[in-house]
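Values below: all heavy atoms of this structure, side chains included; hydrogens, waters and symmetry mates excluded.
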Amino acid sequence: QVQLVESGGGLVQAGGSLRLSCAASGDTFDSLDLAWFRQAPGKEREFVAAVAWSGGTTEYLDSVKGRFTISRDNAKNTVFLHMNGLKPEDTAVYYCAAGATDIGFDSQGSYDYWGQGTRVTVSS
């Protein structure tokens, strides 16, 4: 069993930056793919970014490419989402996810474990 706890959300002005963190418990962290999803008010949850268990492969939502960077520190059982150039449309609750069911990085079905979410609000 893996438990995930996100932190780092908050209120930021457009153009600003935030770093989200997701700390995991359990001893299988370094064998899991990790991802960030987000859900804006009134919208479906969507994929944002993912990093493979090895750290060698990443994937991003087109609209965040060049602005967001996902990284992982297996020694600290933590995954990060560095967000730069934030826009009001990035406002959402951001969820960390972990899993080993490889049906695609952007598929929610690939992830067995989910955090409770951290809210990001970008003001214009």
Side-chain angles (χ1 to χ4, degrees):
Q1 192 75 3
V2 175
Q3 292 186 324
L4 304 172
V5 179
E6 303 97 334
S7 62
L11 173 64
V12 63
Q13 289 188 333
S17 299
L18 283 174
R19 187 185 77 164
L20 304 184
S21 301
C22 175
S25 64
D27 58 3
T28 61
F29 181 83
D30 57 0
S31 66
L32 300 175
D33 296 331
L34 303 169
W36 289 93
F37 285 75
R38 67 186 181 187
Q39 187 166 19
K43 295 188 177 181
E44 298 286 319
R45 187 178 299 186
E46 68 174 352
F47 168 78
V48 176
V51 58
W53 64 271
S54 65
T57 302
T58 57
E59 187 172 312
Y60 295 92
L61 177 69
D62 283 346
S63 63
V64 308
K65 286 180 181 177
R67 300 189 297 123
F68 291 11
T69 302
I70 188 170
S71 63
R72 64 188 295 163
D73 185 339
N74 287 348
K76 297 182 178 180
N77 278 15
T78 303
V79 59
F80 302 99
L81 185 67
H82 303 260
M83 305 187 293
N84 297 316
L86 283 161
K87 303 176 181 180
E89 51 263 44
D90 295 318
T91 295
V93 177
Y94 283 71
Y95 297 90
C96 174
T101 304
D102 187 7
I103 57 173
F105 276 155
D106 60 349
S107 171
Q108 296 187 50
S110 289
Y111 304 98
D112 305 299
Y113 308 103
W114 293 83
Q116 294 300 305
T118 185
R119 185 175 301 276
V120 172
T121 304
V122 184
S123 64
S124 57

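Between S107 and I103, the closest heavy-atom pair is OG-CD1, 3.4 Å. Between L32 and A100, the shortest heavy-atom contact is CD2-CB, 4.0 Å. Considering all non-hydrogen atoms of both residues, G8 and L18 come closest at O-CD2, 3.8 Å. Listed here is the closest heavy atom pair of T78 and S21: CG2-CB, 4.4 Å.
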Using atom types as modelled, flag every donor-acceptor pair under 3.5 Å from a side chain in residues 46-59 to any protein atom, sequence neighbours excluded.
from	atom 1	to	atom 2	distance (Å)
E46	OE2	R38	NE	2.7
E46	OE2	R38	NH2	3.1
S54	OG	G56	N	3.2

Residues 112-124, side-chain donor-acceptor partners within the protein, below 3.5 Å, at least two apart:
from	atom 1	to	atom 2	distance (Å)
W114	NE1	Y111	O	3.4
T118	OG1	G9	N	3.1

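When the side chain to side chain donor-acceptor pair (under 3.5 Å) test is applied to S7, no partner is found at least two apart in sequence or on another chain. Listed by chain and residue number, D62 satisfy the side chain to side chain donor-acceptor pair (under 3.5 Å) test with K65 (two or more places apart in sequence, or in another chain). Residues satisfying the side-chain contact (heavy atoms from CB on, under 4.5 Å) criterion with S25, sequence neighbours excluded, are Q3. With sequence neighbours excluded, the residues forming a side-chain contact (heavy atoms from CB on, under 4.5 Å) with S71 are F80, H82, listed by chain and number. Evaluation of the side chain to side chain donor-acceptor pair (under 3.5 Å) rule for R45 yields no partner, not counting sequence neighbours. Scanning for side chain to side chain donor-acceptor pair (under 3.5 Å) contacts around D30 gives an empty result, with sequence neighbours left out.
Counting heavy atoms from C-beta on, the side chains of W36 and V79 come closer than 4.5 Å. Residues F37 and D106 fail the side-chain proximity criterion, which asks for heavy atoms closer than 4.5 Å. Side chains of V12 and M83 form no contact here, defined as non-hydrogen atoms less than 4.5 Å apart. Under the 4.5 Å side-chain criterion, counting only non-hydrogen atoms from C-beta, F29 is not in contact with V2.
Expressed to the nearest 0.5 Å, how far CZ of R72 lies from CG of N77 amounts to 9.0 Å. Taking OG1 of T69 as the reference point, atom CG of N84 lies at 7.0 Å (rounded to 0.5 Å). Residue D90 holds its CG atom at 9.0 Å from CG of L61, rounded to the nearest 0.5 Å. To the nearest 0.5 Å, atoms OG1 (T91) and NZ (K43) are separated by 10.0 Å.
For residues 93-124, the set of pairs meeting the disulfide (SG to SG under 2.5 Å) definition, not counting sequence neighbours, comprises C22-C96. Within the structure, salt bridge (Lys or Arg N to Asp or Glu O under 4.0 Å) contacts touching residues 15-24 (residues at least two apart or in different chains) do not occur. Applying the disulfide (SG to SG under 2.5 Å) test to pairs two or more places apart or on separate chains, none has a residue in residues 41-84.
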Hey, mind stepping through Y60 and R67 against side chain to side chain contact (heavy atoms under 4.5 Å, CB included) and telling me if it holds?
CA-CA 10 Å; Y60 295 92; R67 300 189 297 123; over 6 Å; no
Evaluate side chain to side chain contact (heavy atoms under 4.5 Å, CB included) for Q39 paired with Y95, printing each intermediate quantity in order.
CA-CA 8 Å; Q39 187 166 19; Y95 297 90; 4.2 Å; yes
